[in-house]
Amino acid sequence: MSQVLNNYAAQLDQAKMPAGKKKVLQTALTLFANNGFHATTTAKIAKQAGVSEGTIYKYFKSKDDLLGKLLEPILFEIKDNFFATIDDSQSLEELVAFIVADRLEFIEVNFAFIRLIIQEVLTNRLAPQYYGAFFNGDNGMFDRVRELQSHYPEINQQLIPSQLLRAFVGPILTYVVQERIFQIPGTTTDRQVIVKQIIASLTFKSPFVKLS
């Protein structure tokens, strides 16, 4: 997973497209990740890419459109890799422990870009058209968690895909926000607790709540 952004940069190098468009995408990828969306102007992108601002607007309607065009394939790369290395022989606890360790490593390596994605989704700058298929498309995240649900009977079979995905993402994202954004130091047992929290959410069964 730590190679997602590097893979995308390599794909850009090999992509068949006008040289000016490729330079803009390559430069914007670096500047957005390092400096953030708002601190990166089209003038900065153009200067570092060695093109005119007119070249940017020749291929992209706006800076928001440029961001969307960058993030869409990266989101698909993340989706395709999220459960790619899971061993079917793993127990549920082994599976969850692997996912927690692997995804935290990925977020650590690519935190600047992950933060950018979250910021732009929360501020509605990244239109749903760019991330909708990430969840609902063929072999999207919802399809992948359904596969896990069918493979592990101990997972609550009444949970719907959004609840399953939230069970995985919620504790991991909360831990990252705590450590990386609020600078609250963690402990050596945090990852073990996250694993237990995810398993508890996946296997949760209450006689008082009827899931529909």
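Quick caveat: nothing in here was measured; it's all calculated off a predicted structure. Each residue takes its place number in the sequence, starting with 1. When reading the values below, keep in mind they use all heavy atoms of this one structure, side chains included, and skip hydrogens, waters and symmetry mates.
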(Q) If you apply the rule side-chain contact (heavy atoms from CB on, under 4.5 Å), what do you find for Leu66 with Val24, and how did you get there? (A) CA-CA 9 Å; Leu66 170 57; Val24 169; 4.0 Å; yes
Q. Do any pairs count as a salt bridge (Lys or Arg N to Asp or Glu O under 4.0 Å) and have a residue in residues 29-48, sequence neighbours left out, and if so which ones?
A. none
Q) Of the non-hydrogen atoms in Val145 and Leu164, which two are nearest, and what is the gap between them? A) O-CD1, 3.8 Å
Q: Consider only side-chain heavy atoms of I, L, V, M, F, W and Y, link residues closer than 4.5 Å, and tell whether Phe37 and Ile181 are in one cluster.
A: yes
(Q) If I compare all heavy atoms of Ala167 with all of Ser201, which pair ends up nearest, and what's the gap? (A) CB-CB, 3.7 Å
Q.
Could you tell me if Lys69 sits above the aromatic ring of Phe60, with its cationic atom closer than 6.0 Å to the ring centre and no more than 45 degrees from the axis?
A. no
(Q) Has Lys21 got a side-chain atom pairing as donor or acceptor with Ile56's backbone, closer than 3.5 angstrom? (A) no
Q: Please list all pairs passing the salt bridge (Lys or Arg N to Asp or Glu O under 4.0 Å) test where one or both residues lie in residues 145-166, with sequence neighbours left out.
A: Asp143-Arg146, Arg144-Glu147
(Q) Could you tell me if the side chain of Val195 sits less than 4.5 Å from the side chain of Ile99, heavy atoms only? (A) no
Q) Does a donor on one side chain sit under 3.5 Å from an acceptor on the other, for Thr30 and Thr27? A) no
Q. Taking Phe168 as the fixed residue, which of Leu202, Val100, Ile194 is the one that meets the side-chain contact (heavy atoms from CB on, under 4.5 Å) rule?
A. Leu202
(Q) Between Gln157 (side chain only) and Ile155 (backbone N and O only), is there a donor and an acceptor less than 3.5 Å apart? (A) yes
Q.
If hydrophobic clusters are built from ILVMFWY residues whose side chains come within less than 4.5 Å, do Ile184 and Ile172 share one?
A. yes
Q.
Assigning hydrophobic clusters by single linkage (Ile, Leu, Val, Met, Phe, Trp, Tyr; side-chain heavy-atom cutoff under 4.5 Å), is Ile198 placed with Val193?
A. no
Q | Shared hydrophobic cluster, Phe135 / Val169 (ILVMFWY, side-chain heavy atoms < 4.5 Å) | A | yes
Q.
With rounding to the nearest 0.5 angstrom, report the OG1 to CD1 distance, Thr55 to Ile45.
A. 12.5 Å
Q.
Working to the nearest 0.5 angstrom, can you tell me the gap between Phe204 CZ and Ile199 CD1?
A. 16.0 Å
Q | Nearest heavy atoms of Tyr59 and Asp65, plus distance in Å | A | O-OD2, 4.5 Å
Q: Determine the minimum heavy-atom distance between Gln149 and Gln158, stating which atoms define it.
A: NE2-N, 4.4 Å
Q: Would you name the heavy atoms of Ser91 and Glu94 that are closest together and state the gap between them?
A: N-OE1, 2.9 Å
Q | hydrophobic_cluster_shared for Val96 and Leu173, side chain cutoff 4.5 Å | A | yes
Q.
Measuring from atom CG of Leu25 to atom NZ of Lys22, what distance do you get when rounded to the nearest 0.5 angstrom?
A. 10.0 Å
**Q.** Spatial distance of atom CG (Leu29) from atom CG (Leu70) [nearest 0.5 Å]
**A.** 5.5 Å
Q. Which atom pair, heavy atoms only, marks the closest approach of Phe98 to Gln90?
A. CB-NE2, 4.0 Å
Q: Drop me the distance from Thr40's OG1 to Lys63's NZ, to the nearest 0.5 angstrom.
A: 6.5 Å
Q. Among pairs that include at least one residue of residues 177-202, which meet salt bridge (Lys or Arg N to Asp or Glu O under 4.0 Å), considering only residues two or more places apart or in two chains?
A. Glu93-Lys196, Glu108-Arg180
